[in-house]
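One structure below.
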2 protein chains.
Amino acid sequence: MGNKKPATLGWQAVRDEALRRIRARVWQPGDRIPDEADLATELGCARATVNRALRDLAEAGLLERRRRGGTRVPLTPVRKATFSIAIIRQDIEMRGQMPGYRLLSDAVQPVPAPVRARLGPDTPDTMRHVVALHLADGQPYCLEDRWLNPAVVAASVGFDTFSANEWLVQTQSFTAGDLSFHAVSADSALAARLGCEPGAALLAVDRTTRGDRPITAVRLIYAPGHRVETDL
Amino acid sequence: MGNKKPATLGWQAVRDEALRRIRARVWQPGDRIPDEADLATELGCARATVNRALRDLAEAGLLERRRRGGTRVPLTPVRKATFSIAIIRQDIEMRGQMPGYRLLSDAVQPVPAPVRARLGPDTPDTMRHVVALHLADGQPYCLEDRWLNPAVVAASVGFDTFSANEWLVQTQSFTAGDLSFHAVSADSALAARLGCEPGAALLAVDRTTRGDRPITAVRLIYAPGHRVETDL
DNA sequence: AAGTGGTCTAGACCACAAA
DNA sequence: TTGTGGTCTAGACCACTTG
C-alpha cells in the first residue's frame, strides 16, 4: 500500500500535513477545508490537536478561520514578518561592538504638530525633548530624537549616562503603540552628528508609545548602510 | 471578604491578570513566577488555561519560559512588531488608489554577487531578472527588481501584465526567507523611473525566498515619503 | 436553526534542563 | 533525579454567523 503512515505525533505534524496540502493544492486557494472534527478523525488525533495546528497556520496568515464559516485557504496569503525591538545598546552588543552613548540635548519644548499627530489628541502642549547619539565602537550608530510626556517621566530622571530607551523599557508599561520605517535624507546638522555626507540616505524608525496617556514618541535615525533585518 | 472575585472566564482573563502583575511589579523583572499548577489553583481554572495565557505572553516577549526552569519576567522585555507582507497591488488598493503595473525588463542574466550572497551557495550562475514598476493612481509607487530561479519559474510565464509578486505568492511554496529594510539614495536612473529628484532618500525592502532551492530575491524601492507601518 | 470554530476541563504522559 | 513546561485526549459547552 502506498499510503503514508500519518504518524501524527503532535500538532506540528498536523500543521505540516495541512501545510503540505495547501502547497500541493490539495486544498486550493478559496477552498473550504474539512472540519476540525473530520480532520481529527482522518489524522487520528483529538480535535484540540487539529485546532492547535490550524490556529497556528491561521496566525501565520496561511488559513482564514471563521466560526460557522469554516476554515478556508485565502486567495492571497498574507505573510507576516516579525521584528524584535530590543534596547539599542543590546543591538550594538549583539553586533559585537562596543556601545557608547552621548546626550546631546534635553529640554522642555513645545511639541511640533507631526509629533502631536502621532501621539494623539491628548498630547500635552509641551514635552521633554531628548536628543542623544548612540555609538558603536566609537562611531556614530544612531541618533535618538525623543519626546517624553513630563507627566510620566519625572524631571529628576536624567539621561546623561543612559538612554531614555532603557529607562522606559524597564519602567513604563504600555498598552498601545505603533512603529514605522521610512527613509530620510541627511541635512547638514544630521550629517554632522552622524558623521556622514549631507544628502546621504538614512533609515529612520518612528515609534510611539501610549498607556492611558501618551508616553513617548521617538525617531531613530541610523548611520548610512544600516539594515533592520528579520527572518520570515 | 476583600478578595477579588477571580471571574476567570477564559485564558484572556488569566493573561490580563498576569499582565497586570507584571506591570504592577508584583512579579518583578528577573523573578520567577509561580507554577502553572499553582496559578491554576489560585485563579480557579485548569492548568491548560494558564498554559495558554502564559504561552501567549511569552510569544509577545513579556515572559520567558523554560522547561524545568519555570517562567520568568525578562530583565529586558523584547517587544515584537509584526508586519503584514501583502501583494503590492493590494497595498495600493488598500490606500484607496488605483493600482497600475508596467514591466520594464525581463532577461536571463548573470547573478550579481550580492544577490548570490543573499540567496545562498546553491544559487545558479544565471537567473531571470525582472524589473517592473508599480503605479498608484498613475504615479510611480515602487520599483520591483527581482531575480528568479529559472528552475522554478518556467520561461513561458510572462510578467507583462501582472507582477511576479502575485504569481509567486500563489504558486510557490517556501520554507525560509528573510526580509530587511534599508535606505538608498536615488541615482539618476532610479530617479527617472520613480519620478523623483536624484539623490532623494528612498526606503528599500529586500526579501529572499527559498524552498529546497533558491526561489527569488527581490528589492522593492518605494517612491519618496513612503512608510511601512505596523501596530505593536 | 444549525454548523463550525473557540475554549474549558481533568487527567495523563513526556521532554527537557536544572539541581 | 526531579520539577517544570509542552502536549495529548475525550468530552463538553459556548459564541458566532451563515443559511
Side-chain angles (χ1 to χ4, degrees), chain A residues 5-19 21-22 26-75 77-78, chain B residues 4-19 21-22 26-75 77-78 80:
Chain A
K5 162 132 37 96
T8 300
L9 299 176
W11 66 269
Q12 294 209 6
V14 175
R15 183 201 56 190
D16 291 347
E17 172 60 13
L19 197 49
R21 294 186 187 184
I22 294 168
V26 178
W27 297 336
Q28 303 198 358
D31 274 5
R32 210 174 130 166
I33 77 171
D35 281 358
E36 291 186 349
D38 289 350
L39 281 172
T41 304
E42 184 202 338
L43 298 175
C45 63
R47 181 166 83 91
T49 305
V50 175
N51 182 286
R52 178 83 157 88
L54 299 188
R55 180 167 23 100
D56 194 71
L57 288 174
E59 278 171 12
L62 283 102
L63 287 176
E64 282 174 355
R65 321 194 73 200
R66 279 154 48 178
R67 288 181 158 159
R68 164 73 195 196
T71 300
R72 292 172 172 282
V73 181
L75 277 326
V78 175
Chain B
K4 304 188 185 71
K5 164 130 40 93
T8 300
L9 298 175
W11 66 269
Q12 294 208 9
V14 175
R15 183 201 56 191
D16 291 347
E17 173 59 14
L19 197 48
R21 294 187 185 182
I22 294 169
V26 178
W27 296 336
Q28 302 199 358
D31 273 6
R32 212 174 128 164
I33 76 172
D35 281 358
E36 291 186 349
D38 289 350
L39 281 172
T41 302
E42 182 200 339
L43 299 175
C45 63
R47 183 167 81 94
T49 304
V50 174
N51 181 284
R52 178 82 155 88
L54 298 187
R55 178 161 30 93
D56 195 68
L57 288 174
E59 279 172 12
L62 284 113
L63 287 176
E64 283 174 354
R65 322 193 72 201
R66 279 152 55 176
R67 288 182 147 134
R68 165 73 198 196
T71 300
R72 291 173 173 280
V73 181
L75 277 326
V78 175
K80 290 178 179 171

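Within every chain, numbering begins at 1; the chains are lettered A, B, ... in the order of the sequence lines, protein sequences first and strands thereafter. We use all heavy atoms of the structure for the numbers below, so side chains are in, but hydrogens, waters and symmetry mates are not.
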Distance check needed: [N] [atom2] versus [X] [atom1], whole Å only.
| X | N | atom1 | atom2 | result |
| --- | --- | --- | --- | --- |
| B/Arg68 | D/dT4 | CZ | C1' | 7 Å |
| A/Trp11 | D/dC8 | CH2 | P | 8 Å |
| B/Gln12 | D/dC14 | CD | C1' | 15 Å |
| A/Arg15 | D/dC8 | CZ | P | 11 Å |
| B/Leu39 | C/dT9 | CG | P | 14 Å |
| A/Arg52 | D/dC8 | CZ | C1' | 12 Å |
| B/Glu36 | D/dG6 | CD | P | 6 Å |
| A/Asn51 | C/dT9 | CG | P | 16 Å |

Original post:
Counting only side-chain N and O atoms of A/Thr71, is one of them less than 4.0 Å from OP1 or OP2 of C/dG5?
Top reply: yes

**OP:** Would you tell me if any nitrogen or oxygen in the side chain of B/Thr49 comes within less than 4.0 Å of OP1 or OP2 on C/dT9?
**Re:** yes

**OP:** To the nearest 0.5 angstrom, please state how far the OG1 atom of B/Thr49 sits from the CD atom of B/Gln12.
**Re:**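 It comes to 12.0 Å.
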
**OP:** Give, for atom CZ of A/Arg47 and atom OG1 of A/Thr41, the distance between the pair rounded to the nearest 0.5 Å.
**Re:**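 Between atom CZ of A/Arg47 and atom OG1 of A/Thr41 there are 11.0 Å.
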
Show the nearest heavy-atom pair for residues [X] and [Y], with the distance to one decimal.
| X | Y | answer |
| --- | --- | --- |
| A/Val73 | A/Ile33 | CG2-CG2, 4.0 Å |
| B/Pro74 | B/Leu63 | CD-CA, 3.7 Å |
| A/Trp11 | A/Asp56 | CZ3-CG, 3.7 Å |
| A/Leu57 | A/Ala18 | CD1-CB, 3.6 Å |
| A/Val14 | A/Val50 | CG1-CA, 4.2 Å |
| A/Ala53 | A/Arg15 | CB-N, 3.5 Å |

Original post:
For residues 53-67 of chain B, which residues have at least one heavy atom under 4.0 Å from DNA chain D?
Top reply: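 Within residues 53-67 of chain B, the residues near DNA chain D are B/Arg65, B/Arg66, B/Arg67.
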
Quick test: give all pairs of protein nitrogen or oxygen and nucleotides 10-13 of chain D nitrogen or oxygen below 3.5 Å, distance rounded to 0.1 Å.
from, atom 1, to, atom 2, distance (Å)
D/dA12, N6, A/Arg47, NH2, 3.0

Original post:
NA contact type, A/Arg32, heavy-atom cut-off 4.0 Å: base, sugar-phosphate, or nothing?
Top reply: sugar-phosphate

**OP:** For A/Arg65 and A/Thr71, indicate whether the former's side chain and the latter's backbone hold a donor-acceptor pair under 3.5 Å.
**Re:**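 Checking the backbone N and O of A/Thr71 against the side chain of A/Arg65, no donor-acceptor pair under 3.5 Å is found.
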
